[in-house]
2 protein chains.
Amino acid sequence: MQVLRAMKSTSVSTEKDRADGPEGNQSGKREQTKLANRAAILEAGRQIFAELGYEGTTVRDIIRRTELASGTFYNYFKSKEEVFHALHDDGVARFKPLLRAARQSAGQDFQAFMITAFEAYFNFLLNDQSVDREMAAMPEWTRVRFDTPESLALFDELKDDIVAFATEFQLDHVDPELLTASCVGIAQEIGDRLLRGRIKDIHAAARFAAYFVLGGSQRVQSEMQA
Amino acid sequence: MQVLRAMKSTSVSTEKDRADGPEGNQSGKREQTKLANRAAILEAGRQIFAELGYEGTTVRDIIRRTELASGTFYNYFKSKEEVFHALHDDGVARFKPLLRAARQSAGQDFQAFMITAFEAYFNFLLNDQSVDREMAAMPEWTRVRFDTPESLALFDELKDDIVAFATEFQLDHVDPELLTASCVGIAQEIGDRLLRGRIKDIHAAARFAAYFVLGGSQRVQSEMQA
DNA sequence: TACGATGTTGACGCGCTGTCAGGATTTCGC
DNA sequence: GCGAAATCCTGACAGCGCGTCAACATCGTA
């Protein structure tokens with residue numbers, strides 16, 4: 001049973017769903033069902049991952065929370081890993097504009113950019129309905145980390161921003177690769193502690209991270225050119 | 001078949017293994033077999049994890065590389081996770097003295113401590129026969145991270161060192177939790193890029209990290225007390 | 001040597017995986 | 001509208017890994 005039919009009783013436009021957007025192709029019933037099925041699997045996955053952890057969940061667990069048959073799962077995803085990647089990438093896509101906004105509002109102010117960016121990330125971590133949030137908050141010893149192309153693209157974008165500021169401030173002896181890695185590492189590790197409640201104050205953490213990066217960069221610059 | 005018997009032809013003391021160390025109890029054949037079996041499982045696990053990745057390996061894969069029966073595995077470990085934790089903890093145990101040596105040789109020199117510690121960690125990562133090394137070097141998107149009690153104890157030890165230096169240098173406005181998190185994050189992320197060959201020069205990376213932390217700490221101190 | 005203690009073995013039931021033939025539903029051409 | 005074709009859903013199935021356990025083998029001890 002497709003989820004579209006299951007939801008027929010609730011609130012899905014069934015009457016006249018012709019004449020939609022210009023380039024859109026969500027008219028056909030088949031298209032709708034596919035979209036709905038995919039969304040249902042993703043939502044079920046989000047829930048189950050949060051409940052059972054990545055290792056603990058099975059494809060069956062996900063599909064069972066759905067009105068679909070087990071075989072249908074494989075029409076949409078190859079494995080639970082692919083579901084998780086999709087969810088993860090969704091999170092990355094939601095965060096990306098926040099990072100861009102930080103750069104936008106900061107102008108040429110490196111410090112403002114850093115504070116805003118870190119704070120945006122920490123807020124995102126703690127508030128966004130992301131898989132990663134629930135998972136990282138679980139008291140497991142063995143956790144899972146993902147480097148999807150989306151993640152890597154985000155890192156590259158961040159690196160570009162950092163390079164731009166580094167050029168601006170003549171940090172020409174600071175390896176951008178190392179600098180970006182440090183920023184990412186700091187964000188990850190502090191973010192992790194925020195999720196676990198070992199650290200409380202988001203704003204203070206963001207300021208710490210920002211000042212740390214600024215001071216660190218300058219120190220590296222002066223030491224390396226010596 | 002226990003591994004002891006299998007190795008009889010090679011080089012295991014089988015003749016007179018009475019009269020061993022004072023408090024030691026590796027005399028009995030049973031004790032020896034247990035030790036050998038455990039070691040065989042760990043060694044097989046190390047190999048298989050490196051070949052198939054964490055997700056990809058099964059308990060059967062591990063036990064198959066051994067001369068033991070499948071049921072025997074569960075006399076020694078509850079799951080592949082426990083095997084991995086044991087291997088991981090071995091690595092931590094091997095690294096711990098290196099960190100202590102760094103602190104010892106550095107004396108009161110914060111900068112020397114940082115450089116030595118980072119360099120020790122990076123060298124360890126790249127050279128030690130550790131599970132984590134092989135695994136991190138695999139081109140997988142989804143990786144696994146472990147926070148065993150051993151790891152956490154190591155972090156705590158590092159934090160104590162850092163607190164000591166921070167006190168020494170009157171960095172009283174620098175939150176030790178945040179500072180330790182930053183150091184760990186930087187080490188992790190740069191280490192990861194070293195393993196993947198995105199960064200080559202270990203010594204340069206260690207100097208970068210050390211200067212970064214020093215400069216970062218000082219900047220945080222001066223900004224936070226303002 | 002004999003007997004209890006301890007460790008090993010591998011077959012078993014269970015659940016999950018990924019597939020596929022058969023069936024249901026939608027789309028398209030007329 | 002209608003029938004054919006395309007598309008997608010379904011659930012049963014074979015294969016495999018998991019953890020267990022009764023039967024067996026080996027060791028320690030007297």
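The figures here come from the full heavy-atom set of this structure, side chains too, leaving out hydrogens, waters and symmetry mates.
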Expressed in angstrom and rounded to an integer, what is the separation of [X] atom [atom1] from [N] atom [atom2]?
X     : N      : atom1 : atom2 : value
B:L35 : C:dG7  : CG    : P     : 12 Å
A:K29 : C:dT26 : NZ    : P     : 4 Å
B:E31 : C:dA5  : CD    : C1'   : 13 Å

Heavy atoms within less than 4.0 Å of DNA chain D: which residues of residues 44-65 of chain A have one? Give them sorted by number.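 None - not one residue of the stretch has a heavy atom sitting under 4.0 Å from the strand.
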Taking DNA chain D as the partner, which of residues 71-89 of chain A come within under 4.0 angstrom of it by heavy atom?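 Close to the strand are A:G71, A:T72, A:N75, A:Y76.
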For B:D156, check salt bridge (Lys or Arg N to Asp or Glu O under 4.0 Å) against everything at least two apart and list the hits.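 Testing B:D156 for salt bridge (Lys or Arg N to Asp or Glu O under 4.0 Å), a comparison that skips the adjacent residues, returns none.
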Can you name the residues that form a salt bridge (Lys or Arg N to Asp or Glu O under 4.0 Å) with B:E189, not counting sequence neighbours?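 Only A:R145, B:R193 meet the salt bridge (Lys or Arg N to Asp or Glu O under 4.0 Å) criterion with B:E189.
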Between A:N37 and D:dC8, is there a contact of a side-chain N or O with OP1 or OP2 at under 4.0 Å?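 False: A:N37 side-chain N/O out of range (4.0 Å or more) of D:dC8 OP1/OP2.
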Is the phosphate of C:dG7, meaning OP1 or OP2, less than 4.0 Å from a side-chain N or O of B:K34?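 Yes, because at least one side-chain N or O of B:K34 sits under 4.0 Å from OP1 or OP2 of C:dG7.
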Less than 3.5 Å between a donor and an acceptor, one on the side chain of A:R30 and one on the base of D:dC8, is that the case here?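 Counting by modelled atom types and ignoring angles, no donor-acceptor contact under 3.5 Å is found here.
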Taking the nucleotide of DNA chain C with the closest heavy atom to each, which residue, A:S70 or B:S70, is nearer the 5' end?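 Its nearest nucleotide being more 5', the pick is B:S70.
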Keeping to residues at least two apart or across chains, list the ring pair (Phe, Tyr, Trp, His ring centres under 6.0 Å) pairs with something in residues 34-62 of chain A.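 Applying ring pair (Phe, Tyr, Trp, His ring centres under 6.0 Å) to every pair that reaches into residues 34-62 of chain A, excluding sequence neighbours, yields A:F49-A:Y54, A:F49-A:F84, A:Y54-A:F84, A:Y54-A:F146.
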Polar contact flag, side-chain donor to acceptor under 3.5 angstrom, A:T58-A:D61: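 On atom types as modelled, these side chains qualify, holding a pair under 3.5 Å.
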So, B:T180 side chain and B:P176 main chain: donor-acceptor pair closer than 3.5 Å or not?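 Yes; judged by distance alone, with no hydrogens or angles, the pair exists.
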For the residue pair A:L99 and A:A117, what are the closest heavy atoms and their distance?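 Shortest heavy-atom separation between A:L99 and A:A117 comes out as CD1-CB, 4.0 Å.
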Mind listing the closest non-hydrogen atom pair of B:T66 and B:A40 along with its distance?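 Taking B:T66 first and B:A40 second, the nearest heavy atoms are OG1-O, 3.9 Å.
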Result block: side-chain N/O donor-acceptor pairs under 3.5 angstrom for residues 133-142 of chain B, not counting sequence neighbours:
{"from": "B:R133", "atom 1": "NE", "to": "B:D128", "atom 2": "O", "distance (Å)": "2.9"}
{"from": "B:R133", "atom 1": "NH2", "to": "B:Q129", "atom 2": "OE1", "distance (Å)": "3.3"}

